[in-house]
Amino acid sequence: MAMGTFKVWRGDREKGEFREYKTDVSEGMVVLDAVHQIQAESAIDLAARWNCKAGKCGSCSAEINGMPKLMCMTQIADLPPGETVTIEPMKAFPLIRDLVTDVSWNYAVKKTIKKFSPRKPDAPDGTWRMQQEDIERVQEFRKCIECFLCQDVCHVLRDHHQHAEFMGPRFFVYTAALDMQPLDTEERIEHLKGEGGIGFCNITKCCTKVCPEEIKITDNAIIPLKERVVDEFYDPIKKLFRVFGGRR
Amino acid sequence: MAQYQSHEYDVLVIGAGGAGLRAAIEAATVPGIKVGLICKSLLGKAHTVMAEGGIAAALGNTDERDNWKVHFSDTMRGGQYVNNWRMAELHAREAPARVLELEAWGALFDRTKDGRILQRNFGGHKYPRLAHVGDRTGLEMIRTLQDHGIHQGITVHMEYTVVSLLKDGDRIAGCLAYERERGYFHTFKCKALVVATGGIGRAYKITSNSWECTGDGHTLAYDAGAELIDMEFVQFHPTGMVWPPSVRGILVTEGVRGEGGILKNKEGRRFMFDDIPDNYKAQTADNEEEGWRYTQGDKAARRPPELLTRDHVARCIVREIKAGRGSPHGGVFLDIAWIKQRIKDGEAHIKKKLPSMYHQFIKLANVDITKEPMEVGPTTHYVMGGVRVDGDTQMSNVPGLFAAGECAAGINGANRLGGNSLSDLLVFGKRAGEHAAKFAQQNGAGGKIDEAQIESAAKRVLEPFDRHGSADGPYQIQHALQEMMQELVGIVRTEEEMSRALVGLDDLNKKADLVAVQGNREYNPGWHTALDLHNLLTVSEAVTRSALLRKESRGGHFRADFEKKSDEWSKKNIILKKSGDGSMQISTAPIPEMPPELKQIIEEMK
């Protein structure tokens with residue numbers, strides 16, 4: 001068994017530093033295993049979030065060697081051999097402690113988006129009919145595990161801190177999932193353009209690159225939504241209708 | 001005394017997985033009822049998220065012969081007839097409505113050709129019955145409940161851990177919790193309280209369960225005077241990952257077998273054909289061809305033996321491994337890649353039907369399941385036992401204290417069928433929420449909070465900081481417990497081993513009483529682990545004592561020293577209760593007589 005060296009961010013809201021830990025690395029081990037071993041061996045109070053350890057809950061998001069990743073899905077063998085592994089908390093959110101950040105902003109943003117509102121049932125027994133091919137795109141969006149890595153990597157949030165006027169890739173995917181749901185009847189485009197700040201996104205596709213669920217965030221969610229915003233607000237005929245016909 | 005921030009609700013729900021969320025949503029629909037929801041993790045991360053295969057509900061979309069009676073009879077047969085038949089009945093009757101309700105809240109299940117909810121085959125279910133979304137049904141369910149729930153006026157307390165329930169005389173009055181972020185205490189006053197905290201899997205070394213599943217609700221309720229029932233029945237899921245070591249125990253969905261996956265030993269033999277229990281012979285295929293036709297929707301075919309109940313499949317796997325016919329890393333082979341011989345575009349089909357399995361194996365084990373077999377072995381998955389509740393209302397013997405989901409017991413008897421858990425969460429989550437709200441309305445002011453109870457709980461919780469060093473840290477004690485339970489109270493049990501486990505538990509309890517932690521109260525996982533120990537040790541003792549007493553083999557409980565089912569034990573359940581001196585009191589209770597109309601259903605379906 002080889003020994004691995006890990007540089008882990010330790011700190012609270014005020015101050016912090018990297019500390020180095022050594023622990024055994026066995027075959028197939030992931031970064032989260034190393035964190036657990038370090039907790040059990042030498043840093044009992046090292047704060048880290050995790051739940052499923054199978055890439056399904058999106059709790060253990062962190063930056064590994066500077067890349068936003070899930071700790072439970074990152075095999076140590078896939079990192080440069082023999083080199084120190086750096087583990088840091090996500091940067092786009094305030095730090096609580098060590099590897100744990102305050103992601104409550106995401107929960108607040110979600111609440112501002114109008115909820116699903118289905119059309120009347122298609123059948124007398126209160127059920128609907130949908131074809132598989134009509135729901136596949138939305139099923140792709142609904143794979144999202146809310147790890148918030150896309151939020152973490154997005155420069156609008158990470159570098160420019162525009163949390164107040166931009167809801168971030170996660171909530172564009174969320175809005176797209178609602179908007180393209182065949183049964184949904186709600187209108188969310190105005191919110192997307194206004195509070196959602198979709199215009200700030202300049203399609204660098206960083207979010208798509210880090211998505212552990214491999215959702216094509218930019219191509220399949222954000223770009224179609226941007227097109228809808230353009231159709232709705234910048235189409236001259238529609239604009240006329242809005243002026244004379246009142247908001248729809 | 002110290003002043004802690006206090007909160008007041010009519011209904012307080014502890015746990016925000018499927019059952020807790022569904023309970024909170026239901027209670028919140030009652031006008032004037034204020035609902036609080038406490039979750040140990042972030043909202044939407046609870047263990048429900050890991051459920052893969054689907055939600056069992058007799059919708060009859062994929063096979064019109066299905067109905068609640070067949071589902072009821074399957075559930076009772078799977079549970080070996082020690083189930084709470086009333087719960088099994090309500091569950092079978094109400095599950096379809098609960099699934100359709102999820103669709104009305106935005107869930108998108110996979111579809112049949114005519115556009116309805118598609119249903120898949122699963123172990124122990126006579127017809128294809130599981131509504132599903134690929135193999136990520138739990139995520140779909142929890143996200144649907146979460147996204148619906150956040151608009152219902154429920155107050156959510158994320159990353160709070162409840163350390164003690166508070167009582168006023170006999171009835172429930174609230175609880176004491178601590179928030180992880182700062183480590184501060186909070187008191188909660190409520191008129192009715194629902195525990196929906198999930199399972200106990202972390203008492204074992206090899207488990208599919210997350211860190212949260214430490215028997216919190218079981219223990220909180222037990223310490224508050226509630227009875228536990230059926231604790232000897234622990235489900236070992238037949239297919240967990242076995243290699244590499246770091247992923248050992250992670251679940252491999254039964255959906256793999258539902259889609260045509262087969263189990264083989266190292267000699268290439270489909271060993272599941274070698275042992276088919278008598279009560280399943282009539283409905284099980286006796287050749288490979290028939291089994292395959294079943295998985296492809298041939299209604300005349302009977303199901304392959306890979307889809308027998310989990311308890312049985314797990315034992316067959318253990319038998320193969322012990323006989324030296326296992327795979328290189330101590331499991332057996334589960335092969336879905338073989339279906340490429342039978343269907344066009346097999347590779348794409350596997351990825352479409354089992355996307356997270358594909359992902360999980362390629363990322364964590366470097367195995368491409370469309371090309372090679374997986375290595376699998378049993379993993380601790382689910383506890384059938386839990387808080388003893390009234391089947392209709394989900395209330396325990398403590399007035400105002402309700403339980404729902406995995407931490408409640410009854411519906412599953414000695415073994416749970418796959419897919420019945422998600423439907424259980426919905427059906428009994430709703431019922432618990434409804435009746436908790438009713439209880440709150442009917443019981444006016446609610447109980448008084450007793451400061452002395454708060455102080456004594458707070459003192460106990462902070463003690464680990466006051467101790468200066470201990471021989472064993474919280475992680476070491478937890479690991480020792482997990483090793484011991486795995487070894488001595490696992491899939492195959494004996495009197496001798498379990499008696500040793502009781503001695504071991506006593507020793508670990510003493511160590512836990514002396515455990516020290518370092519650091520401060522802010523988001524301190526070591527401290528949290530130290531607090532979990534009491535819960536883990538309590539449920540481990542409950543499992544061990546019950547398993548010692550039940551001198552027969554039934555469902556998830558297998559005794560090498562009593563390999564047969566006994567008539568005597570088919571008529572009773574085991575009950576645990578905390579006695580006045582703090583020791584665990586064990587007794588049995590006769591299973592109530594089943595009404596003739598339910599008996600008749602079981603007879604007809606035999």
Side-chain angles (χ1 to χ4, degrees), chain A residues 12 26-30 33 36 39-41 43-59 72-73 75 96-98 100 102-104 107 110-111 115-116 118 121-122 125-132 135 138-139 142-146 174 177-178 181 183-184 213-214, chain B residues 41-47 49-50 100 103-106 108 110-111 113-118 133-134 136 138-140 143 147-148 150-151 156 158 181 210-212 243-247 250-251 355-356 359-360 363-366 473-476 479 517-520 522-527:
Chain A
D12 54 24
S26 58
E27 184 177 348
M29 208 163 116
V30 294
D33 291 315
H36 286 161
Q39 282 176 336
E41 291 160 5
I44 178 174
D45 63 340
L46 166 59
R49 262 197 198 105
W50 71 285
N51 275 56
C52 75
K53 204 175 170 291
K56 294 189 171 73
C57 77
S59 300
C72 73
M73 296 302 279
Q75 279 199 46
I96 290 177
R97 203 185 143 87
D98 303 339
V100 176
D102 178 358
V103 293
S104 59
Y107 289 84
K110 188 185 248 188
K111 250 181 145 161
K115 69 173 203 172
F116 174 69
D122 301 334
D125 65 353
T127 60
W128 289 273
R129 300 288 178 271
M130 288 179 268
Q131 288 305 307
Q132 184 63 38
I135 62 169
V138 180
Q139 285 188 328
R142 291 181 69 88
K143 286 196 305 186
C144 171
I145 55 173
E146 299 200 330
Y174 180 69
L178 287 164
Q181 222 283 9
L183 307 183
D184 184 68
E213 286 294 316
E214 297 171 6
Chain B
S41 292
L42 297 172
L43 188 62
K45 309 295 185 197
H47 198 55
V49 90
M50 288 191 75
L100 294 174
E103 185 152 278
W105 295 346
L108 275 182
D110 288 350
R111 315 308 293 183
K113 288 213 163 59
D114 67 348
R116 294 182 299 163
I117 295 172
L118 179 66
V133 187
R136 56 160 191 86
L139 173 68
E140 186 71 11
R143 199 66 81 230
D147 294 350
H148 181 75
I150 57 174
H151 298 287
V156 183
M158 294 200 286
E181 182 170 343
S210 80
W211 74 276
E212 295 194 294
W243 188 260
S246 89
V247 299
I250 294 181
L251 189 66
S356 23
H359 191 72
Q360 182 172 311
K363 287 264 181 190
L364 297 174
N366 307 319
Y475 297 105
Q476 284 70 32
H479 293 166
V517 297
Q518 292 90 47
N520 63 30
E522 293 181 13
Y523 219 106
N524 186 335
W527 181 33

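Within every chain, numbering begins at 1; the chains are lettered A, B, ... in the order of the sequence lines, protein sequences first and strands thereafter.
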Test side-chain contact (heavy atoms from CB on, under 4.5 Å) applied to A/Trp128 and B/Glu103, step by step: CA-CA 9 Å; A/Trp128 289 273; B/Glu103 185 152 278; 3.9 Å; yes
Check against side-chain contact (heavy atoms from CB on, under 4.5 Å), B/Arg136 and A/Gln139: CA-CA 10 Å; B/Arg136 56 160 191 86; A/Gln139 285 188 328; 4.1 Å; yes
Worked check of side-chain contact (heavy atoms from CB on, under 4.5 Å) between A/Gln75 and B/Lys363: CA-CA 8 Å; A/Gln75 279 199 46; B/Lys363 287 264 181 190; 5.9 Å; no
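Separation of atoms CE (A/Met73) and CD (B/Gln360) is listed at 7.0 Å; rounding is to 0.5 Å. Separation of atoms CD (B/Glu212) and CH2 (A/Trp50) is listed at 9.5 Å; rounding is to 0.5 Å. To the nearest 0.5 Å, the span separating SG on A/Cys57 from CE on B/Met50 amounts to 8.0 Å. Separation of atoms CZ (B/Arg116) and CZ (A/Arg129) is listed at 5.5 Å; rounding is to 0.5 Å. Of the inter-residue distances, the one linking A/Lys115 atom NZ with B/Ile150 atom CD1 reads 9.5 Å to the nearest 0.5 angstrom.
In this structure A/Asp45 satisfies the salt bridge (charged side-chain N to carboxylate O under 4.0 Å, His left out) test together with A/Arg10, A/Arg97, sequence neighbours excluded. Every residue meeting the salt bridge (charged side-chain N to carboxylate O under 4.0 Å, His left out) condition with A/Glu146, not counting sequence neighbours, appears here in chain and number order: A/Lys110, A/Arg170, B/Arg143.
In terms of non-hydrogen atom pairs under 4.5 Å with chain A, the most contact-rich of B/Val247, B/Ile117, B/Asp114, B/Leu251 is B/Asp114. Of the listed residues (B/Tyr523, B/Trp243, B/Trp527), the greatest number of heavy-atom pairs within a distance under 4.5 Å of chain A belongs to B/Tyr523. Between chain B and the options A/Gln131, A/Glu214, A/Glu41, A/Arg49, the largest number of non-hydrogen pairs under 4.5 Å is found for A/Arg49. Taking A/Asp125, A/Val30, A/Ile145 one by one and counting their heavy-atom pairs under 4.5 Å with chain B, the maximum is reached by A/Ile145. When each of A/Ile135, A/Asp122, A/Leu178 is checked for heavy-atom pairs under 4.5 Å with chain B, A/Ile135 comes out on top. Put simply, of B/Asp147, B/Leu100, B/Asn524, the one with the most heavy-atom pairs under 4.5 Å next to chain A is B/Asp147.
The shortest non-hydrogen separation linking B/Pro245 to A/Glu27 is CD-O, 3.6 Å. Minimum heavy-atom separation, B/Pro525 to A/Ala47: CD-CA, 4.0 Å. Heavy atoms only, all atoms of each residue included: B/Ala104 and A/Pro118 are closest at O-CG, 3.5 Å. Between A/Tyr107 and B/Leu42, the shortest heavy-atom contact is OH-CB, 3.4 Å. The shortest heavy-atom contact between B/Trp105 and A/Phe116 is C-CD2, 3.3 Å.
In this structure, B/Ser246 and A/Lys53 have side chains that are in contact, with non-hydrogen atoms separated by less than 4.5 Å. A heavy-atom distance below 4.5 Å is found between the side chains of A/Asn51 and B/Trp211. Side chains of B/Leu139 and A/Lys56 form no contact here, defined as non-hydrogen atoms less than 4.5 Å apart. Side-chain contact between B/Pro474 and A/Ile44 is present, with at least one heavy-atom pair separated by less than 4.5 Å. The side-chain heavy atoms of A/Gln39 and B/Tyr475, taken from C-beta on, include a pair separated by under 4.5 Å.
Contacts of B/His47 with chain A are absent, with no heavy-atom separation under 4.5 Å from either backbone or side chain. Heavy-atom distances place the backbone of A/Ala48, and not its side chain, under 4.5 Å from chain B.
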